[in-house]
Amino acid sequence: MDYETLLTVQGYAKFFLILTVFVLFYSYAYSIYKRDKTGERDYEKYSNLVHDDSSVSAPLEERKKDKDIDNKEK
């Protein structure tokens, strides 16, 4: 291959790589938006964690109990 062909292939590869990253990023951002609007997860609590990060603050989500974990492993 000559130099011009390599530059053309490199240009197309860069374009499709940027396009893929763009699609992945916006699909992830849309999924976060959708989960926040449906009430599945409240991201406002996570953003407040930056300001309230002491060791005595209440947990954001409840942990699963050991009995629940043991039942899934069996």
In this structure, would Tyr46 and Ile32 fall into the same cluster of hydrophobic residues linked by side-chain contacts under 4.5 Å?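 Yes: a chain of side-chain contacts under 4.5 Å links Tyr46 to Ile32.
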Does the side chain of Thr8 reach to within under 4.5 Å of the side chain of Thr5, using non-hydrogen atoms?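 Not in contact.
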Considering residues at least two apart in sequence or located in another chain, which fulfil the side-chain hydrogen bond (donor to acceptor under 3.5 Å, both in side chains) criterion with Ser27?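 side-chain hydrogen bond (donor to acceptor under 3.5 Å, both in side chains) list for Ser27, sorted by chain: empty.
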Listed partners of Ser31 passing side-chain hydrogen bond (donor to acceptor under 3.5 Å, both in side chains), at least two apart: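 By the side-chain hydrogen bond (donor to acceptor under 3.5 Å, both in side chains) rule, Ser31 matches Arg35.
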Which pairs, with at least one residue in residues 5-32 and sequence neighbours excluded, count as a ring pair (Phe, Tyr, Trp, His ring centres under 6.0 Å)?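 Listed once each, the pairs are Phe22-Tyr26.
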Within the supplied structure, the quantity of interest is the number of heavy atoms (other residues, nucleotides, ligands) at a distance under 6.0 Å from Tyr33 OH; does it exceed 12?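 Open.
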Tell me the closest heavy-atom pair linking Met1 and Leu6, and the distance in Å.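 Answer, listing the atom of Met1 first, then Leu6: SD-CD2, 4.1 Å.
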